[in-house]
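Here is the structure we will look at.
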Amino acid sequence: MKKYDFGKDFDRSGSGDLKHEALLPRWGRNDLLPLWVADMDWETPHFITDALRKRLDHSLFGYTVLPPDFKPCIIDWVRDHHGWTIDPEWISFVPGIVRGISFAINVLCAANDAVVIQPPVYHPFRLTTVGNGHRLLRNPLREKPQGGYEMDFDNLRSVVEDFNSRGEGRVRFIIMSNPHNPAGICWDRDTLRRLANFAKEHHIIVISDEIHCDLALWDNRHIPFASVSEAAAQCSITFMAPTKTFNIAGLVSSYAIVPNDELRRRFYSWLEVNELNEPTLFAPIATIAAFRHGEEWRRQMLRYVEGNVDFVIDFMAKHIPLIRPIRPQASYLVWLDCRGLGLNHEELLDLFVNKARLALNDGEIFFGSEEENIAATGGKGHGFMRLNVGTQRSVLEQAMHRLADALS
Ligand SMILES: Cc1ncc(COP(=O)(O)O)c(C=O)c1O
């Protein structure tokens, strides 16, 4: 069996990668260790680059048909990894998951309709809803006493019923991150079933963004929303992709799965007339290579990520006990609860950026816009940062030492 080396240094320079190139424009300095945007620092595995190179050797890049194995490889992967049997006609290519969500909103939401999100959550859910002119409603996740979050179904009911009763429009969508970015939660079956029943009762479509689905850690399991009940299947649009798992976000390859006939007809016919369901030449090639040859790489990569998460948790417990990392059940993003430091938002950013020289995602974006966060916290900030541990252990060691030194 091939042993992959995730600890090996890999130089990303020259690839134009966002993680490094955006340091100066975003933070005003480029001496920061980049531990922010959700891609990984490991080179794209060779079974993918080999497949792409093989196609490049045929130097004709005209219009092409979808390779015949595109849908079968997705069907096999989803069945084998997540126990969900899907029909080929339920699947459509989409050019990116954020785009897929915004297409769905544009096609299926009327002008005055509203979309519910559950912050803290991946911020493009908010941006695409507001940017496309729809009402954004929030049902904040509830913190559990033992740490982590749960959905607040009582508040969800009042948020939805209150909006619907005003007669201005209807709540059309709930957008969910499953597994959850930024807190790494694999939502459990009971929660997903309750959400499905609620959505059915209120004629709401659940958009389940499952881009992190193949990254469950330790003995956690990802459960696809649509697989938990017939109600869930019939009220949902699921988005998945190989892009996070195999570090190929730049190739833009993702897909939607819609079991409901009427919903699928409306959504997919719009994608089709606008030719938005047509991949570029390389996206399906990379997807097939990943799903047919990537399992061993994925397993080894996840073991390495688990080691990184353990390292961060242990280091912080020993040296930075005022920051509490939330152990993710999935993916390589660690949600850091920094409230113990007692810093306001500006001070927290100053600590990470100017003192420790680290570029993490500012946790505020997952709660709301700058104005909303100021209004909610009076400028104190919510006190979270998101750390990307999809990198070499040596980089994380350096990062943790920088942070500990900055605090001492
Ligand atoms: C939950 C979630 N959805 C979607 C995306 C982005 O997907 P895409 O690049 O396919 O739009 C990310 C990337 O971080 C993500 O974390």
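For ligands, and for the atoms within them, numbers begin at 1 and follow the listed sequence. All values below were derived from every heavy atom in this structure, side-chain atoms included, with hydrogens, water molecules and symmetry-related copies excluded. Just so it is clear, the model here is predicted, and its values are computed rather than measured.
- Near ligand 1, residues Ala38, Gly96, Ile97, Val98, Tyr122, Ser177, Asn181, Asp209, Ile211, His212, Lys244 come within 4.0 angstrom through at least one heavy atom.
- Ring pair Phe47/Tyr4 is perpendicular by interplanar angle, where above 60° counts as perpendicular and below 30° as parallel.
- Glu295 is linked by a side-chain contact (heavy atoms from CB on, under 4.5 Å) to Trp77, His81, Arg298, Arg299, counting only residues two or more places apart in sequence or in another chain.
- Phe225 meets the ring-ring contact (aromatic ring centres under 6.0 Å, His included) test with no other residue; sequence neighbours excluded.
- Salt bridge status for Glu168 with Arg135: present, with a side-chain N to carboxylate O gap under 4.0 Å.
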- request: Would you sort out whether His345 and Asp362 count as a side chain to side chain donor-acceptor pair (under 3.5 Å), showing the intermediate values?
  value: CA-CA 9 Å; His345 183 54; Asp362 176 353; 3.1 Å; yes
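- Annotation: side chain to side chain donor-acceptor pair (under 3.5 Å) contacts involving residues 273-294, sequence neighbours excluded, comprise Asp69-Arg292, Asp76-Arg292, Ser253-Thr287.
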